[in-house]
Amino acid sequence: MERKMYKISSRYDKDIFLKIIPGHFATSHSHVTHHLDIVNMKSRLSEAERVAHALAQKYESSTPVDTIVCLDGLEVVGALLAQALTKAGILSLNAHKTMYVISPEYRGDIMMFRDNIQPMIQGKNIILLIGTITTGNTLGSCMQCIRYYDGILQGVSAIFSEISKVGSITVNSLFTGKDLPGYESHKPTECPYCRQGQKIDAIVNNYGYSKM
């Protein structure tokens, strides 16, 4: 499976590379034709810095940001994004004039924030940072959670997204489906590869893959 891997560079920074493995993969919500490996982007400091800088360019200096909520293990990128936004002159309205970088907790499929974390969400201007967005199910749940805790969503940033907008919120991503011809996402019950009897190569998420 690894022998099929190839890379593409981002149109926003030619030195940001996304690793891609074609095949038949199962995610928590869908079956997809490509696994997008973002592990180096969030684990290697030099790559995380480039990703954060590129994502920061997508926000106007007038956009207030108090908190960055990180999913998919993107806390390193989130911290560097907060730093890049601050250097770009984007203001935080927090009392300490600095941004919070936090991650949600999960109780089953339910996203939550503990009582001591909730003040970093309530009434705060928030950027949601996600690894990859395919069906939008996880994104929708995250947005609902932020609204539940009275957060004010100012933007969504992702490394890859098939979705360009959710309501009035633009999804700012470094890669889209246009960068990946042939990329498909299907509901598990409607997967054409399953119907053809093609076995799943691996179970995947933004932390990596486990071969079947």
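These numbers come from the heavy atoms of this one structure, side chains and all, not from hydrogens, waters or symmetry mates.
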Residues which pass ring-ring contact (aromatic ring centres under 6.0 Å, His included) with Tyr12, listed by chain and number, not counting sequence neighbours: none

Partner residues of Ile146 under the side chain to side chain contact (heavy atoms under 4.5 Å, CB included) criterion, sequence neighbours left out: Ile126, Leu128, Leu153

Gap between atom CD1 of Ile133 and atom OG1 of Thr176 - 0.5 Å precision: 12.0 Å

Where at least one partner belongs to residues 164-185, residue pairs that pass ring pair (Phe, Tyr, Trp, His ring centres under 6.0 Å), sequence neighbours excluded: His34-Tyr183, Phe160-Tyr183

All side chain to side chain contact (heavy atoms under 4.5 Å, CB included) counterparts of Tyr148, not counting sequence neighbours: none

CG on Leu36 to CG on Asn206, rounded to 0.5 Å: 8.0 Å

Side chain Gln122, main chain Gly151, donor-acceptor under 3.5 Å: no

Pairwise salt bridge (charged side-chain N to carboxylate O under 4.0 Å, His left out) hits with a residue in residues 11-26, at least two apart: Arg11-Asp179, Asp13-Arg50, Asp15-Arg50

Qualifying residues under salt bridge (Lys or Arg N to Asp or Glu O under 4.0 Å), relative to Arg147, sequence neighbours excluded: none

Within residues 28-45 or reaching into it, pairs that qualify as salt bridge (charged side-chain N to carboxylate O under 4.0 Å, His left out) - sequence neighbours excluded: Arg44-Glu47

For Asp150, salt bridge (Lys or Arg N to Asp or Glu O under 4.0 Å) partners two or more places apart: none

Glu105: partners by salt bridge (Lys or Arg N to Asp or Glu O under 4.0 Å), with sequence neighbours left out: Arg114

Check: Ser10 side chain, Leu174 main-chain N or O, donor-acceptor pair, under 3.5 Å: yes

All pairs passing side chain to side chain donor-acceptor pair (under 3.5 Å) where residues 153-162 contributes a residue, at least two apart: Tyr59-Ser157, Asn125-Gln154

Under the salt bridge (Lys or Arg N to Asp or Glu O under 4.0 Å) test, residues paired with Lys211 that sit two or more places apart: Glu2

Partners passing ring-ring contact (aromatic ring centres under 6.0 Å, His included) against Tyr193 (at least two apart in sequence or in another chain): His24

Under 3.5 Å side-chain donor-acceptor pair for Ser30 and Thr27: yes

